[in-house]
2 protein chains.
Amino acid sequence: MSEIKEFESIDGALRQLPKDDYDRVRKILYGNETHDIEVCEESKELASKYNIELITCGFNCRDEQLRSPKVVRVGLFQHKLVPFPTSTPIQEMKYALFKFANKAVRIAARGGVNIFCFPELWNMPYAFCTREKTPWCEYAESAQFGPTTKMLQELAQIHNMVIISPILERDEVHNDSIWNTAVVIDNHGDYLGKQRKNHIPKAGDVNEAIYCSEGNSGHPVFEVTPTLGYSLNFIRNNLQTEYGKLGICYSRHHPLNSLVFGLNGAEIVFNPAAAGGAANEPLWSIESRGAAIANGYFACAVNRVGTEIFENDFTSGDGKSPHRDSEYYFGSSYVTAPNGTRSPGLSRTKNGLLIAEMDLNLCRQVKDQWGFQMSHRLDLYAELLSRATRSDFTPQIVRKACKQLN
Amino acid sequence: MSEIKEFESIDGALRQLPKDDYDRVRKILYGNETHDIEVCEESKELASKYNIELITCGFNCRDEQLRSPKVVRVGLFQHKLVPFPTSTPIQEMKYALFKFANKAVRIAARGGVNIFCFPELWNMPYAFCTREKTPWCEYAESAQFGPTTKMLQELAQIHNMVIISPILERDEVHNDSIWNTAVVIDNHGDYLGKQRKNHIPKAGDVNEAIYCSEGNSGHPVFEVTPTLGYSLNFIRNNLQTEYGKLGICYSRHHPLNSLVFGLNGAEIVFNPAAAGGAANEPLWSIESRGAAIANGYFACAVNRVGTEIFENDFTSGDGKSPHRDSEYYFGSSYVTAPNGTRSPGLSRTKNGLLIAEMDLNLCRQVKDQWGFQMSHRLDLYAELLSRATRSDFTPQIVRKACKQLN
């Protein structure tokens, strides 16, 4: 996809259409109207100062009789590696990325964000394409006690913000094993838990199976209940804040993975990614959005941006010449509501922050309206899946030998 | 969505973009390039004569060393009710639709189509919006021995074509029960079997739960093996023809449904639909395509077109005034390859036939390339789904009461 690296975004291109056509195309492609949300000037100024694209979007939801609105703002941050080469010493690279993260979280905080999410392996190069173990494995750190978590705990506390931090995890307790893991830090800076990536890709430059194993942390939903922090934040930002039930679903290629977060009650599911390449890009706007629709939650797809250049040549298993550049990570982070309505996407080329405001009551409203959960037939599928895993599985096939034509 | 009834198609609107932008947008939205396929002049002339939009599309696939290409052409037919009112006597209405179907199948046959698929309940008004039982239940007929199947068996034999015919089924053997059922007729005109709709929608004007029960026919995959018919067709059309393993998945809202057709080995899955309304349209290009991507098969989404006007007022359960018009069925039938590449869509407003040519070898090629089936973890999900159906199910939730801020 190198030939279209400079192409900014689908949204931008569509705006060239005649107004009427744009409106129709937008409606069919993106769903319901969304509304503007207010973000204070300081947030915008900081974003402009740090050269971070800032896009905002509010999803509509009706008021209910018995439940108060549960309004929450999420921040999806997408970034290139800082302008350091991938060979930068690890400490230095992490420190530079910490500094940048600090700025992004500050912009988000001024923008009223309650839950902030980084892309997959946000604090390091996506080095799996090289298949080299050194020095990349040295980036791995303890989910609970590592320097990245420690740094973000401070930020989370200062800004009263839940932070989701997808990193490379080193589990010293379990034989120094390595995992692709999202750490969840609550709005008081406490470590709440982690989600290990459940499905490890086996395609293209995504050689994760060479580094990590399939996650064994299940499909936890993290529930952060505001207490006093709630009221203080309310006063600070003049916003009612909630945190809701959050899931982190790395493996958007697997609808079963997406499903179980829904079954566990998730209201917002984050899909942190390092998605690049021409074959992958058409899938980007389909899979996460499909998960939101099928499971009645908000889905937040957060991607990396840019190309990363490595020191040594590597091959991509596609018969092409050795090279040093990664795939092009196409950014385009976006949010989908449970009714399929989606936000604009962040740029394909730039660092960016997408702030989306949503009322979590929409999840149940859509479930009540569409009723997918009432016609799920889970019992049928539990049995079918169980059957499909057995060695004596016989697919349900209807055959008839064709008669000869006269 | 009445205000945009006249809007022809997304594809058409996008063609107004500057060439470069169009190419980029198309690539990101639709995936890989497709190629033109040859269709004989007679087919085009007939289509033009009968005012049926004809769109063709060929999906690319590489040659393999050990397997010959398995090339197949599918025909997706979308149609409005003939210009008869919905109150037309049933015999008359069916006869008119039979005549029109005859024309469409002829165009398809001249276009080299091997498998032809109608939309859901193609031979009757989509009358479930009225919630009236009379006279609509009288449209139901035997899947195997009814007049529609009989008529299509003749066509299938004449044209050496597999035909999928989604109708309202009356099962006299089982207490006159009614089902939403697709009949599969093989290329020799023999009744091969049927697929009953597995998930019955419970939303909007789609009051199917008032007429039908959830299907009990499982997720059969129909395998039609060409024998002598194969060679004759080869000579006739100068085309290598295959039929492959076919599934019919009505319930595209349910990824589990889509999944099991894949587990049973489907290479082409048809989604016959009667999809209308503004809330539904943004989902149309997501769900069927997501199923193709997740499960490694070709997915064919076939929809109805137009508005249908009924004799009596009915309400839509949305607090709005009684009315006589159905939702607007937005057509836009399309095909997605297992790599996510999709065909253009048929019009939102017109009768149409989409002829798509595909090499079924692409299914396994994509599975080998992406390896989703190798990281499925079905055993894990069989257990999770089974747990989720139990009355003592406890979702996996991580909670921590927040500390008070100092």
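Order of the sequence lines sets the chain letters (A, B, ...), proteins ahead of strands, with each chain counted from 1. From a predicted model like this one, the values you see are computed outputs, not experimental measurements.
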Using non-hydrogen atoms and a 4.5 Å limit, figure out which bit of [X] sits close to chain B: side chain, backbone, both or neither.
| X | result |
| --- | --- |
| N198(A) | both |
| L246(A) | neither |
| H219(A) | both |
| S375(A) | both |

Which of the residues [options] is involved in the greatest number of heavy-atom pairs with chain A at under 4.5 angstrom?
| options | answer |
| --- | --- |
| S258(B), G193(B), G218(B), S9(B) | G218(B) |
| R390(B), M374(B), E223(B) | E223(B) |
| V184(B), L283(B), L384(B) | L283(B) |
| N339(B), V260(B), T394(B) | V260(B) |
| G290(B), P220(B), S386(B), G340(B) | P220(B) |
| L380(B), V221(B), T341(B) | V221(B) |

Region of [X] that comes under 4.5 Å of a non-hydrogen atom in chain A:
| X | answer |
| --- | --- |
| I286(B) | both |
| L256(B) | both |
| S217(B) | backbone |
| F393(B) | side chain |
| V25(B) | both |

Measure the spacing between [atom1] of [X] and [atom2] of [Y] and express it to the nearest 0.5 Å.
| X | Y | atom1 | atom2 | answer |
| --- | --- | --- | --- | --- |
| L385(A) | L263(B) | CG | CG | 6.5 Å |
| S332(B) | I28(A) | OG | CD1 | 6.5 Å |
| H253(B) | H376(A) | NE2 | NE2 | 11.5 Å |
| R252(B) | I293(A) | CZ | CD1 | 10.5 Å |
| E8(A) | R24(B) | CD | CZ | 11.0 Å |
| F372(B) | K202(A) | CZ | NZ | 12.5 Å |

Salt bridge (Lys or Arg N to Asp or Glu O under 4.0 Å) partners of residues 366-383 of chain B, not counting sequence neighbours, each pair once:
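Every pair satisfying salt bridge (Lys or Arg N to Asp or Glu O under 4.0 Å) with a residue in residues 366-383 of chain B: E214(A)-R377(B), E383(B)-R387(B).
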side-chain contact (heavy atoms from CB on, under 4.5 Å) for D20(A) and F7(B)? Distances and angles first, verdict last. CA-CA 10 Å; D20(A) 274 7; F7(B) 180 60; over 6 Å; no
Minimum heavy-atom distance between [X] and [Y], given as atom pair plus value:
| X | Y | result |
| --- | --- | --- |
| P282(A) | R289(B) | CB-NH2, 3.7 Å |
| N257(B) | Y381(A) | OD1-OH, 3.1 Å |
| W370(B) | A279(A) | CZ2-O, 4.3 Å |

Margin query: So, using side chain to side chain contact (heavy atoms under 4.5 Å, CB included) as the criterion, who are the partners of P255(A) when residues are at least two apart?
Written below: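 Scan of P255(A) (side chain to side chain contact (heavy atoms under 4.5 Å, CB included), adjacent residues dropped) gives P255(B), A294(B).
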- Query: Heavy-atom count around Q369(B) CD within 6.0 Å, excluding the residue itself: above 12?
  - Reply: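 Counting other residues, nucleotides and ligands, CD of Q369(B) stays at 12 neighbours or fewer.
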* To do: Please confirm whether the backbone N or O of L17(B) pairs with a side-chain atom of Q16(A), one donor and one acceptor, at under 3.5 Å?
  =>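 No, the answer is negative, given that no donor and acceptor are paired below the 3.5 Å cut-off.
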TODO: Using atom types as modelled and distance alone, determine if a side-chain donor or acceptor of N264(B) lies under 3.5 Å from a backbone N or O of P395(A).
DONE: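 Such a contact is absent between N264(B) side chain and P395(A) backbone.
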